[in-house]
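Only one structure is covered here, and it is reproduced in the block below.
If you read the sequence from its start, that first residue is 1, and numbering goes on from there. These numbers come from the heavy atoms of this one structure, side chains and all, not from hydrogens, waters or symmetry mates.
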Amino acid sequence: PVFLTAYQQSWEAAPAARSDLFEVSSRLLLANGTPATRLLFGESATLEIQVQVKEAADYVMIEAPIPAGCGYGDKVQSGGPEVHREYFKDRTAIFCERMPAGNYIFRIPLEPRFTGLFTLNPVRVEQMYFPVFYGRNEVKKVSVEK
């Protein structure tokens, strides 16, 4: 028997949301917990990611880009289905070993450090060993003001 996997990657300027196996939504929250599209310079915020898993999945990676004008607040490691979290300059990768069908919420603490209008790229949830099974949300804009 021969097992073969082949795939290609391409850049989409405005990717549409996809919710076959995973339905993903993200929003920015102010320090008091209210949703926002405008952040204030120097005041902490949170990127909240909601994932609806339609069928049980093993070895799932959640890749959450952060807005360019923001850095990280406290780098937390949460529990639940999450087994590991890696913080990169431009994104956070959250790894889950097993995700039964259901709804999950992940939070990433942010600190707005630069003012301006920034893009919040889509959050992507995929099976690590079968990357063709994935879900993502749409591109959003966020502004950081003084």
Side-chain angles (χ1 to χ4, degrees), residues 1-31 33-39 41 44-144:
V2 175
F3 295 100
L4 176 69
T5 301
Y7 70 95
Q8 68 181 28
Q9 292 181 330
S10 62
W11 179 261
E12 288 186 49
R18 181 174 171 180
S19 59
D20 297 340
L21 183 58
F22 305 102
E23 190 168 327
V24 184
S25 65
S26 65
R27 64 183 182 164
L28 289 165
L29 302 174
L30 298 176
T34 58
T37 56
R38 239 181 42 205
L39 300 177
F41 174 81
S44 63
T46 302
L47 175 61
E48 182 181 79
I49 303 156
Q50 298 176 357
V51 179
Q52 179 187 4
V53 179
K54 297 181 180 179
E55 295 179 26
D58 293 328
Y59 304 106
V60 175
M61 179 176 66
I62 302 158
E63 208 170 51
I66 62 168
C70 295
Y72 294 110
D74 294 331
K75 294 183 179 180
V76 297
Q77 297 286 334
S78 299
E82 179 180 336
V83 294
H84 183 65
R85 188 180 284 208
E86 292 184 13
Y87 293 93
F88 298 101
K89 291 180 185 177
D90 60 339
R91 69 192 183 285
T92 300
I94 301 170
F95 300 95
C96 302
E97 192 170 320
R98 174 115 179 100
M99 290 185 81
N103 296 314
Y104 301 92
I105 296 177
F106 301 93
R107 291 181 178 88
I108 301 169
L110 300 175
E111 288 183 3
R113 296 184 179 165
F114 301 98
T115 58
L117 181 64
F118 303 100
T119 301
L120 181 57
N121 287 320
V123 175
R124 183 180 168 102
V125 180
E126 69 179 26
Q127 289 185 332
M128 289 187 284
Y129 299 110
F130 298 101
V132 294
F133 299 115
Y134 68 94
R136 69 173 171 234
N137 63 340
E138 69 284 347
V139 176
K140 298 178 182 180
K141 297 284 184 187
V142 61
S143 66
V144 178

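- For the pair Y87 and V76, the minimum side-chain heavy-atom distance is below 4.5 Å.
- In this structure a side-chain-to-backbone donor-acceptor pair under 3.5 Å is present from K54 to S19.
- Checking each of N121, L120, T119 against P67 for a side chain to side chain contact (heavy atoms under 4.5 Å, CB included) leaves exactly one that passes, namely L120.
- Y72 and R113 get closest at one heavy-atom pair: O-NH2, 3.3 Å.
- Closest non-hydrogen pair, V144 versus P112, comes out as CG1-CB, 3.7 Å.
- Looking only at side-chain heavy atoms (C-beta outward), F106 and S26 stay at 4.5 Å or farther from each other.
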Candidate pair Q50 and E48, rule side-chain hydrogen bond (donor to acceptor under 3.5 Å, both in side chains), full reasoning: CA-CA 7 Å; Q50 298 176 357; E48 182 181 79; 3.2 Å; yes

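- You'll find the side chain of R85 reaches within 4.5 Å of the side chain of I108, heavy atoms only.
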I62 vs E82, side chain to side chain contact (heavy atoms under 4.5 Å, CB included): CA-CA, chis, key distance, verdict: CA-CA 10 Å; I62 302 158; E82 179 180 336; over 6 Å; no

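- D20 places none of its side-chain heavy atoms less than 4.5 Å from the side chain of F133.
- Between the side chain of R136 and the backbone N or O of F22, no donor-acceptor pair lies under 3.5 Å.
- Side-chain contact between L110 and S44: absent, with no pair of heavy atoms (C-beta onward) separated by less than 4.5 Å.
- Between F118 and A68, the shortest heavy-atom distance links the atoms CD2-CB, 3.8 Å.
- Remark: the backbone N or O of V24 is not paired with any side-chain donor or acceptor of N137 at under 3.5 angstrom.
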Full working for side chain to side chain contact (heavy atoms under 4.5 Å, CB included) between I105 and R107: CA-CA 7 Å; I105 296 177; R107 291 181 178 88; 3.7 Å; yes

E97/Y59 under side chain to side chain contact (heavy atoms under 4.5 Å, CB included): CA gap, chis, key distance, verdict: CA-CA 4 Å; E97 192 170 320; Y59 304 106; 3.8 Å; yes

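- Nearest heavy atom pair, residue P81 against residue M99, reads CB-CG, 4.2 Å.
- Side chains of V53 and P100 form no contact here, defined as non-hydrogen atoms less than 4.5 Å apart.
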Worked check of side chain to side chain contact (heavy atoms under 4.5 Å, CB included) between L39 and L30: CA-CA 7 Å; L39 300 177; L30 298 176; 3.9 Å; yes

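- Shortest non-hydrogen contact noted between P15 and P122 is CG-CG, 3.8 Å.
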